[in-house]
Student: 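Below you will find the structure I want to go over with you.
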Amino acid sequence: MPRPELLARLAERQAERERAGLLRRLRAVEQAQGPRVRVDGRELLAFCSNDYLGLAQHPELIQALQRAADDCGVGSTAAHLVVGHHREHAALEEALADWTGRERALLFSTGYAANLGAQQALLGTDDLCVQDKLNHACLLDGARLAGCTLKRYLHADVAGAARQLATAPQAAALVASDGVFSMDGDLAPLAGLAALCAREGATLMIDDAHGLGVLGPRGAGSVADAGLAQTDVPVLMATLGKALGCAGAFVAGPAALIDGLTQFARSWVYSTALPPALAATARVAVALARRSDDRRDHLAVLIARFRTGAAQLGLPLAASTTPIQPLLLGDSAAAMRAAAALEARGLLVTAIRPPTVPEGTARLRITLSAAHGEADVDRLLDALAEIVPPLRAGEGSA
Ligand SMILES: *Cc1c(COP(=O)(O)O)cnc(C)c1O
């Protein structure tokens, strides 16, 4: 047998994906004004960003970034342990620890890198990692990178998590879950997972990428919303690129965790620090998010309005109280048709298909933002009403 040629094999996989109707298409946003974006020369109203509080283009943040660029330039020039760690990073870490009620916090360049680094630092080949089946891809990849045994449980099933922990009662164990599930918008059974971990001597890690800024007192996240503290959830991860409207991520927890990460988390040690100007901007975003109860209240009004309207239309709503409001259509072709029909009406909602979501659960992942108005939600509902018959057809064929 001749050696397979890698690029040819990749092209073949792509062709296969295209035949299955699962090819991804990359599109460039030409201009954005909040949720109003120009794509391919057309103005569209988007319902698919993660800018839940509408901060990505907030004048205060833009001004903070401009000022900080004057002050600290663009690049951080190195990894944190070399000469890349700026006092702006340290100040942001303090602000994040304070907000989330943790002893310390450590910045990473992305949430993906944070999850890889934290799990790889904590877990070794003899250890066990127990995860929800619907966890974000990078939580799963982190466990794979760590080389530990990875066991998954059915979505939000605490008893299932207990059974998986019991498969290796002697092993050091991490239980990891999204706080708010990224494609479904529902909440993890946080109190149940915390009680399980306390009982079984396992460590709980929560990825709160979609909860921070949105849920909890002063937006402190899903863990604070559940009334849980650092002792219940020692490893808390969240990102700065969603509700905070910036980029980057952090892990927060006890000093022993953070100190250990600075020694052993390879995605932190061997990676260039975030631009310090961005850290300065994110600190302004944290302050803004903490005092944004008005934005969270407005978001709650939009969520209720959307759910009431969608229920009246008989749409297949998910059990979500967060800004993530997926419409499950089942079959990928139905999801693509629905997205195209919305786009023809000036609305942008990207269809989410396998392998991002399980087979048979393709959907429109509708997200709401405090930057939307009630009239925007009504426009979305009107458009959905017009395409209801094809949506139902998609449901039937799933
Ligand atoms: C977006 C996301 C990440 C990755 O964060 P990035 O900063 O975009 O790399 C991690 N976990 C969850 C649940 C996410 O939704």
Side-chain angles (χ1 to χ4, degrees), residues 24 26 48-53 55-56 89 92-93 96 100 105-120 129 131-146 152 155-156 174-190 193 204-216 221-223 225 233 235-252 265-268 271-275 278-279 281-282 285-286 289 318 320 322-326 350 352 355-358 363 365-369:
R24 270 64 172 157
L26 181 63
C48 47
S49 89
N50 301 313
D51 184 21
Y52 304 121
L53 294 180
L55 298 187
H89 295 121
L92 174 58
E93 287 170 343
L96 290 166
T100 56
L106 187 72
L107 288 171
F108 285 77
S109 299
T110 67
Y112 212 115
N115 279 341
L116 293 188
Q119 289 181 84
Q120 168 265 320
C129 186
Q131 297 206 17
D132 191 292
K133 274 221 153 168
L134 296 188
N135 273 355
H136 193 270
C138 61
L139 272 176
L140 301 168
D141 288 355
R144 290 198 187 107
L145 178 66
R152 299 166 75 185
H155 180 48
L174 183 75
V175 175
S177 175
D178 287 17
V180 175
F181 286 87
S182 52
M183 296 298 137
D184 294 80
D186 59 336
L187 300 172
L190 291 168
L193 290 174
L204 182 56
M205 171 172 185
I206 296 298
D207 174 337
D208 207 23
H210 300 277
L212 187 74
V214 176
L215 300 175
S222 65
V223 173
D225 194 38
V233 182
V235 188
L236 174 66
M237 172 274 183
T239 75
L240 310 173
K242 285 165 182 155
L244 289 165
C246 296
F250 67 96
V251 174
R266 293 166 61 86
S267 65
W268 184 85
S271 191
T272 301
L274 279 178
L278 192 59
T281 309
V286 168
S320 162
T322 69
I324 304 168
Q325 292 290 329
T350 310
I352 305 287
T356 305
V357 290
R363 66 197 66 187
R365 179 181 179 267
I366 291 168
T367 56
L368 299 169
S369 163

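Whatever order the structure lists them in is the order used to number ligands and atoms, beginning at 1. Positions are given from 1, in the same order as the sequence printed here.
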Student: Under 3.5 Å, side chain of D207 to main-chain N/O of A209, donor-acceptor pair present?
Tutor: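 Such a contact is found between D207 side chain and A209 backbone.
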
Student: Output yes when the distance from some N or O of ligand 1 to some N or O of Y112 is under 3.5 Å, and no in every other case.
Tutor: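 N/O-N/O distance under 3.5 Å: yes.
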
Student: I need the nearest protein heavy-atom contact for atom 2 (C) of ligand 1: residue, atom name and distance, please.
Tutor: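 The answer is K242 NZ, 2.3 Å.
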
Student: Identify, for atom 7 (O) of ligand 1, the protein heavy atom at the shortest distance, and state residue, atom and that distance.
Tutor: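 Closest protein heavy atom to atom 7 (O) of ligand 1: G111 N, 2.7 Å.
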
Student: Backbone N or O of S182 within a donor-acceptor pair of the R365 side chain at under 3.5 Å?
Tutor: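 Yes; judged by distance alone, with no hydrogens or angles, the pair exists.
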
Student: Do C246 and L55 come within less than 4.5 Å of each other through their side chains, counting heavy atoms only?
Tutor: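 C246 does not reach L55 side chain to side chain.
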
Student: Give me the nearest non-hydrogen protein atom to atom 11 (N) of ligand 1 as residue plus atom name, then the distance to 0.1 Å.
Tutor: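 Ranked first by proximity to atom 11 (N) of ligand 1 is D207 OD2, 2.5 Å.
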
Student: Against ligand 1, does C138 come closer than 4.0 Å with any heavy atom?
Tutor: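 The answer is yes: ligand 1 sits under 4.0 Å from a heavy atom of C138.
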
Student: Considering residues at least two apart in sequence or located in another chain, which fulfil the salt bridge (charged side-chain N to carboxylate O under 4.0 Å, His left out) criterion with R144?
Tutor: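 So R144 forms a salt bridge (charged side-chain N to carboxylate O under 4.0 Å, His left out) with D141.
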
Student: Within ligand 1, which atoms have a heavy atom of T239 less than 4.0 Å away?
Tutor: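 Answer for ligand 1: 5 (O), 7 (O).
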
Student: With a 3.5 Å distance limit and no angle check, can you tell me whether W268 reaches the backbone of L107 through a side-chain donor-acceptor pair?
Tutor: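 Confirmed, W268 side chain pairs with L107 backbone.
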
Student: Looking at T367 and S49, would you say the former's side chain and the latter's main chain have a donor-acceptor pair under 3.5 Å?
Tutor: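 Yes; judged by distance alone, with no hydrogens or angles, the pair exists.
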
Student: According to ring pair (Phe, Tyr, Trp, His ring centres under 6.0 Å), who are the partners of F181, at least two apart in sequence or on a separate chain?
Tutor: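 Result, ring pair (Phe, Tyr, Trp, His ring centres under 6.0 Å) vs F181: H155.
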
Student: Short list, please: which atoms of ligand 1 are under 4.0 Å from a heavy atom of T110?
Tutor: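 Per the distance check, 7 (O), 9 (O).
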
Student: Tell me which part of A249 gets within contact of ligand 1: side chain, backbone, both or neither, using heavy atoms under 4.0 Å.
Tutor: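 For A249, no heavy atom sits under 4.0 Å from ligand 1.
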
Student: Numbering the atoms of ligand 1 from 1, which are under 4.0 Å from a heavy atom of S182?
Tutor: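 Once the distances to S182 are compared, the set is 15 (O).
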
Student: Counting only nitrogen or oxygen atoms and a 3.5 angstrom limit, does H210 reach ligand 1?
Tutor: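 Yes: some nitrogen or oxygen of H210 is under 3.5 Å from one in ligand 1.
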
